[in-house]
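Take a look at the structure below.
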Amino acid sequence: MDKTEFAAAVLAAEPTLYRVARSMLPCEADCADAAQSAILRAWEKLDTLKSPEYFRTWLVRILINECRSALRRRARFAGEPDESLPAPEPERYDELYAALYSLDEKYRLPVTLHYLEGFRLAEIAEMLRLPQGTVATRLRRARELLREELKGECYA
């Protein structure tokens, strides 16, 4: 993969990178920083990419690692772990997104990757370094939690 192909692949993956980072990090600036760091790291480690058709999966895995590093840095400076995102602003997100952001990261990330980004269970399992069964279980549990959270809401 040369510079031009890399740039095109990154541009195609950019919306995915933002949404995945946003599902993990509370601050817009942190999302942008994590995405930029992931892109830089991907460029530096491009020779480790085994198959170009899995570039997006590989890049998202790098981004997840960058987001987790950002959360660890934030926790170190804050003095306590920051495991959850702040409640979304009602005027900015509807109830569905508010319910999604109320989930723990272990549920929110697979939901984002599967339902919003369209990754298959096998790809998510590879990205998160989990067995496929665990990913499927977390998706099922997330649907149950979302159903409970949204009980009485009507989405047509």
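Considering every non-hydrogen atom in both Ala70 and Leu25, the closest pair reads CB-CD2, 4.1 Å. Nearest heavy atoms, Leu150 versus Ala99: CD2-CB, 3.8 Å. The shortest non-hydrogen separation linking Ala21 to Cys67 is CA-SG, 3.8 Å. Leu46 approaches Met1 most closely through the heavy-atom pair CD2-O, 3.6 Å. A pairwise comparison of heavy atoms in Ala125 and Pro131 identifies CB-C, 4.1 Å as the closest pair.
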Listing, residues 53-60 side-chain donor-acceptor contacts under 3.5 Å, not counting sequence neighbours, or none:
unit_1, atom_1, unit_2, atom_2, d
Glu53, OE1, Ser51, OG, 2.9
Glu53, OE2, Ser51, OG, 2.5
Arg56, NH2, Glu117, O, 3.0

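A distance-only check finds no donor-acceptor pair linking the side chain of Asp104 to the backbone of Lys106 [under 3.5 Å]. In this structure, the side chain of Glu148 does not engage the main chain of Leu145 through any donor-acceptor pair within 3.5 Å.
With values rounded to the nearest 0.5 angstrom, Thr137 atom OG1 is found 10.5 Å from Leu130 atom CG. Taking CG of Leu113 as the reference point, atom CG of Leu139 lies at 9.0 Å (rounded to 0.5 Å). In this structure, the separation between CZ on Phe6 and CG on Leu11 is 10.0 Å, given to the nearest 0.5 Å. Between atom CD of residue Glu14 and atom CZ of residue Arg19 there is a gap of 10.5 Å, rounded to the nearest 0.5 Å. Annotation: the span from Ser23 atom OG to Glu105 atom CD amounts to 7.0 Å, rounded to 0.5 Å.
Considering only residues two or more places apart in sequence or on other chains, Gln132 meets the side chain to side chain donor-acceptor pair (under 3.5 Å) condition with none of them. Applying the side chain to side chain donor-acceptor pair (under 3.5 Å) test to Asn65 and every residue at least two apart in sequence or in another chain returns Arg61. With sequence neighbours left out, the side chain to side chain contact (heavy atoms under 4.5 Å, CB included) criterion links Glu144 to Arg140, Arg141, Arg147.
Inter-residue side-chain proximity for Leu116 and Val111 is flagged as unmet; no heavy-atom pair is nearer than 4.5 Å. Taking the side chain as every heavy atom from C-beta outward, Ser69 and Arg72 approach each other to under 4.5 Å. Proximity of Ile39 to Leu17: side-chain heavy atoms (C-beta onward) are separated by under 4.5 Å at one or more points.
Linking ILVMFWY side-chain heavy atoms closer than 4.5 Å, directly or via other members, places Tyr18 and Leu40 in two distinct hydrophobic clusters.
Among residues at least two apart or in separate chains, salt bridge (Lys or Arg N to Asp or Glu O under 4.0 Å) pairs with a member in residues 119-139 are Arg120-Glu123. Counting only residues at least two apart or in different chains, side-chain hydrogen bond (donor to acceptor under 3.5 Å, both in side chains) contacts with residues 37-48 comprise Arg41-Glu66.
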Check: Passes side chain to side chain contact (heavy atoms under 4.5 Å, CB included), Leu109 versus Leu103? Steps please.
Finding: CA-CA 9 Å; Leu109 192 52; Leu103 296 175; over 6 Å; no
